[in-house]
Amino acid sequence: MKKMITRRNFLAAAGVVAAAGVLTACGGSSSSTAASGSAAGSAAGSAASGETIKVGVMGPLSGNVSVYGQAVVNGASLYLKQVNADGGINGKQIEILTEDEQGDATQAVNCFTKMVDEGITALVGDVTTTPTLAVAAESADYNMPMVTASATAEAVTYDAETDTVNANVFRATFTDPFQGIKMADYAYKKLGYTKAAVIFKKGADYNEGLAENFVNEFESLGGTIVDQESYSDGDVDFKTQLTSILGKAPETVFCPNYYEEVGQILSQAESIGLTVPFLGGDGWDGLEGYATADQLKDSYFCANYAKGASPEFEEAYKAEYGEEYPNGFAPLGYDAAKTVVYGLQAAEDAGLEAGSDEYKQAVIDAIASGTIDGITGTFTFDEHHNPVKETAILTYVDGKPELKEMF
């Protein structure tokens with residue numbers, strides 16, 4: 001049997017330090033919403049009242065990664081509201097408690113413990129890797145069912161070095177290793193590239209995780225990595241690295257970074273004459289606003305969701321929020337909430353008391369053995385609590401992402 005990840009180990013991995021267990025107040029906004037739209041009382045333990053089932057939804061609603069957090073929270077809230085509109089879970093309404101963790105790991109732990117005090121039975125969250133690691137560590141103490149929509153680092157659910165699984169944590173997205181391997185396979189097997197370069201931000205789990213696994217897989221297939229270049233957080237000039245890559249004559253460049261930096265890299269690559277196709281991971285979602293059609297020509301990236309895959313979701317999102325869904329994190333939020341509800345349904349069907357230890361374990365057990373019919377695909381969970389699903393490979397047509405194929 002695989003071991004349970006401890007709170008101490010996870011906090012150390014995330015770089016989170018709490019002095020004597022004292023937490024400051026959670027920053028950012030919070031809200032509590034049920035089907036009636038009325039605010040509920042915040043008494044601790046009220047999850048067991050039987051009137052509502054409290055579900056926490058967490059993400060960075062402010063700060064420099066709020067584009068992801070808002071999308072996840074909106075997508076998750078949309079599904080939970082739809083469940084309520086359809087009568088709830090066995091007649092019980094879901095009460096949504098939302099917190100803004102501002103993209104900060106310490107704030108994320110504060111927000112989680114606040115929601116625990118308010119009586120949540122499960123959590124949709126967190127969004128990015130480092131805060132999610134911190135919350136996963138804290139959630140283990142409560143055996144709180146937790147489904148992250150989008151945190152991709154392998155260590156969120158599994159520590160390979162110690163063969164340890166965080167038993168209460170699941171994810172709706174694929175992992176960093178999965179993305180890196182998948183794009184290496186696609187580059188070599190489908191696109192026919194045999195020489196590739198890599199440029200990535202160092203010191204970041206997401207970027208380094210994709211880069212390392214791409215390199216290892218590409219070389220194992222028989223390909224050659226002609227150059228590996230890195231840059232630091234806050235850098236805006238990439239011409240030195242790109243010039244080095246240009247001199248090594250790759251057929252493609254793997255650029256596993258987030259869309260704003262990718263846009264800058266593509267622009268500077270074009271300016272020095274590096275015009276080979278670039279490849280990326282799901283951090284490219286939203287890139288079309290930061291790069292031209294010429295810069296994106298013949299480029300590909302992997303994603304969990306392709307526009308048009310679920311017209312019903314896209315129409316419902318626009319009706320609820322007055323705008324098109326912003327990126328692939330919204331569908332993942334929707335599926336993360338769907339996963340949580342799948343578990344809650346099992347616990348409610350068993351007649352267990354919401355918030356009790358038996359209830360939370362029933363939610364976890366149901367998710368672990370279940371099949372989720374999501375809008376990012378139908379998926380089950382492997383022994384590390386990662387979803388088993390296909391990947392959408394997107395390319396650009398007139399500068400806009402379109403589904404190329406499932407791979």
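L279 contributes atom CG, which lies 9.5 Å from atom OG1 of T395 (distance to the nearest 0.5 angstrom). Note: L394 CG to D285 CG = 8.0 Å, rounded to the nearest 0.5 Å. To the nearest 0.5 Å, the span separating CG on L332 from OG1 on T173 amounts to 5.0 Å. In this structure, CD1 on I367 lies 6.5 Å from OG1 on T339, to the nearest 0.5 angstrom. In this structure, CD in Q241 is found 6.0 Å from CD in E229, a value given to the nearest 0.5 Å.
Within the 4.5 Å cutoff, the side chain of M146 has heavy atoms near those of the T132 side chain. Between L78 and Y317 the shortest side-chain heavy-atom distance falls below 4.5 Å. T148 places none of its side-chain heavy atoms less than 4.5 Å from the side chain of V135. In this structure the side chain of T121 never reaches within 4.5 angstrom of the side chain of V363, judged on heavy atoms. Annotation: side chain of N213 is not in contact with side chain of D176 (no heavy-atom distance under 4.5 Å). The side-chain heavy atoms of N386 and R171, taken from C-beta on, include a pair separated by under 4.5 Å. Contact of the V165 side chain with the H384 side chain is registered, since non-hydrogen atoms from C-beta on lie closer than 4.5 Å. A heavy-atom distance below 4.5 Å is not found between the side chains of D126 and F112.
Under a 3.5 Å cut-off, the side chain of T252 and the backbone N or O of A196 do not form any donor-acceptor pair. A donor-acceptor pair under 3.5 Å links the side-chain atoms of S150 to the main chain of V127, judged by distance alone. Judged purely by atom type and a 3.5 angstrom limit, T175 has no side-chain atom pairing as donor or acceptor with the backbone of E154. A distance-only check finds no donor-acceptor pair linking the side chain of D205 to the backbone of A153 [under 3.5 Å]. Looking at E314, its side chain does come within 3.5 Å of a backbone N or O of G308 through a donor-acceptor pair. Panel note: side chain D100, backbone L61; a donor-acceptor pair is recorded below 3.5 Å. With hydrogens and angles ignored, the 3.5 Å screen pairs a side-chain donor or acceptor of Y188 with a backbone N or O of L221. Put simply, the side chain of S66 gets close to the backbone of G63: a donor and an acceptor are under 3.5 Å apart. Using a distance-only test at 3.5 Å, with no hydrogens or angles considered, no donor-acceptor pair links the side chain of T157 to the main chain of V169. Under the 3.5 Å distance criterion, the side-chain polar atoms of D159 are left unmatched by any main-chain donor or acceptor of A155.
With sequence neighbours left out, the side-chain hydrogen bond (donor to acceptor under 3.5 Å, both in side chains) criterion links K248 to no other residue.
Applying ring-ring contact (aromatic ring centres under 6.0 Å, His included) to Y300 and the options Y193, F278, Y186 leaves one that passes, Y186. Partner F301 forms a ring-ring contact (aromatic ring centres under 6.0 Å, His included) with one of Y396, F254, Y259 and no other, that one being Y396.
Y231 and N257 form a side-chain donor-acceptor contact under 3.5 Å, judged by distance and modelled atom types alone. Between the side chains of N90 and Q345, a donor-acceptor pair is found at a separation under 3.5 Å. Side-chain atoms of T378 and D373 include a donor-acceptor pair closer than 3.5 Å. Counting only N and O atoms by type, the side chains of D163 and Y158 include a donor and acceptor under 3.5 Å apart. One side chain, S244 or D227, offers a donor N or O that lies under 3.5 Å from an acceptor on the other. A donor and an acceptor atom, one from each side chain of Q361 and D365, are located under 3.5 Å apart.
In this structure, K182 satisfies the cation-pi test against F407, with its NZ or CZ atom closer than 6.0 Å to the six-membered ring centre and inside 45 degrees of the ring normal.
Evaluation of the side-chain hydrogen bond (donor to acceptor under 3.5 Å, both in side chains) test over residues 265-284, restricted to residues two or more places apart or in two chains, returns Q179-D282, Y206-D282, E270-Q295.
Taking the six-membered ring where tryptophan is involved, the planes of H385 and F170 are essentially parallel, since the angle between them stays under 30° and well short of 60°.
A salt bridge between K190 and E405 is present, with a side-chain N of the basic residue lying under 4.0 Å from a carboxylate O of the acidic one.
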